[in-house]
Structure formats: structure tokens, C-alpha cells
Amino acid sequence: MQYWLMKSEPDEVSIDDVLAAPKHIVSWFGVRNYQARNFMRDAMRPGDGVLFYHSSCAQPGVAGLAEVASAAYPDATQFEAGGKYHDPKATAEQPRWSAVDVRALKKTRLLPLAEMRTIPALEDMVLLQKGSRLSITPVSAGQWNTIVKLLNKG
DNA sequence: GCCAACGTTGGC
DNA sequence: GCCAACGTTGGC
């Protein structure tokens, strides 16, 4: 059992959007960064905890709790010629990019990035490191517990 | 819109 | 393999 933080632009897919989807599940496609892909393909397991993070918006921060709902599978958008996520070097035999299913569990209060930066127990979070841009980052059990408590505190 | 930081590409 | 140029991310 591991924990992750996954960034989504709420203009694209917000926590509300996922909760409105059938079974509260969406496919996490479109990742085009090798490190993030490797986390999905090599380390994520169904049931892993996910902090659903809203990025590139007025109020960046953790907006909900979710879980990994599938093993990794080839991201179909890499094969879509002319599509935004097309990768001409990817083939069905040798897919390059992976996706996983993510199930939203609950919307929480927004835990702003700025507040997270003030919490000493979170200072080692990959998200908070200088220059960190990864859309999927690991979260330690201690960081997860700290954040869940902060979310419940309201 | 700005810009720091990072990742990728491609010439050599 | 080096590295300059370019593109992207994402907070502010």
C-alpha cells in the first residue's frame, strides 16, 4: 500500500467531475513524462491512496481523496493520429505511455498549497521541493496521515 | 502575463 | 556524449 499525489487542472478534470463520473472512476490518461509514467506502470497498485490535487488554478491545493482503481494499461490516446496526446513513436506492440483508473472517494475542504508549505511535517514532500513539476509524486505514510488530519480539521 | 525550473530534442 | 535551444509546467 502506497500513497500518491496526482495533479489535475480543475478546468480539465476536477474532483467534482470525477465524483460525477460513473462509479466515480476516470482514466488518468495523457501523462507524457517518463518519471510519472514509471510510477504508474511500475509502482501503483489498486487500492493505493491518492491525494487529488488541483493545479494551474486560482486555488492550487489538495481538493479530495481518491484511490488507484486499476493496474496500469497502455494509454490509448498515444495511438490517436492527429490527437493532442498522439505519440508517433508508440506502437501497439511497443506502447510508450501508460494510464491507470482513479476512483474519487470524497471531496474535502481545499488544503491550499500555501498552507501545506507551512506544515513542518510536510516539508519533505516531493510536491513542495523547489522546481518540482511532476504530475504524479509519491507521498509517505506520515505525510498522508498528516494531510488527512488537516483535511478533517476543516 | 511573467518567469524559474525542468525535460526533450537534435546538431555536432 | 555534450549542450544550446526550445517547449512545458505551474505558482504567483
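Chain A is the first sequence line, chain B the second, and so forth, proteins listed ahead of strands; every chain is numbered from 1. Quick note: numbers below take in every heavy atom, side chains included, and nothing from hydrogens, waters or symmetry partners.
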- Query: What nucleotide among C:dG11, B:dT8, B:dA5 has an atom nearest to a side-chain atom of A:Tyr34?
  - Reply: B:dT8
- Item | Candidates C:dT8, C:dG10, C:dC12 - which lies nearest the side chain of A:Ser55 | C:dG10
State whether [X] places a side-chain N or O below 4.0 Å from either non-bridging phosphate oxygen (OP1 or OP2) of [N].
| X | N | answer |
| --- | --- | --- |
| A:Lys7 | C:dG10 | yes |
| A:Tyr53 | C:dT9 | no |
| A:Lys130 | B:dA4 | no |

- Output, in order, the C-alpha distance, side-chain angles, deciding distance and verdict of side chain to side chain contact (heavy atoms under 4.5 Å, CB included) for A:Asp87 and A:Asp75. CA-CA 11 Å; A:Asp87 183 340; A:Asp75 177 348; over 6 Å; no
Starting at [atom1] of [X] and ending at [atom2] of [N], how long is that distance when rounded to a whole Å?
| X | N | atom1 | atom2 | answer |
| --- | --- | --- | --- | --- |
| A:Arg32 | B:dT9 | CZ | C1' | 17 Å |
| A:Asn33 | B:dA5 | CG | P | 18 Å |
| A:Leu5 | C:dG10 | CG | C1' | 13 Å |
| A:Leu128 | C:dG10 | CG | C1' | 14 Å |
| A:Ile136 | B:dG7 | CD1 | C1' | 16 Å |
| A:Gln129 | B:dC6 | CD | C1' | 15 Å |
| A:Leu134 | B:dG7 | CG | P | 7 Å |
| A:Arg96 | B:dT9 | CZ | C1' | 12 Å |

- Specify the closest pair of heavy atoms between A:Met1 and A:Gly49, including all atoms of both residues, with the distance to one decimal. CE-N, 3.7 Å
- Minimal non-hydrogen separation, A:Val100 against A:Met44, with atom names: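 What the structure gives for the nearest pair is CG2-SD, 4.0 Å.
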- Query: When all nucleic acid strands are considered with a 4.0 Å heavy-atom cut-off, which category describes A:Gln35: base, sugar-phosphate, or nothing?
  - Reply: sugar-phosphate
- Query: Distance from A:Tyr53 atom OH to A:Leu111 atom CG, nearest 0.5 Å?
  - Reply: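 Answer rounded to 0.5 Å: 9.5 Å.
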- Answer yes if the ring centres of A:Phe52 and A:Trp4 are under 6.0 angstrom apart, and no otherwise. no
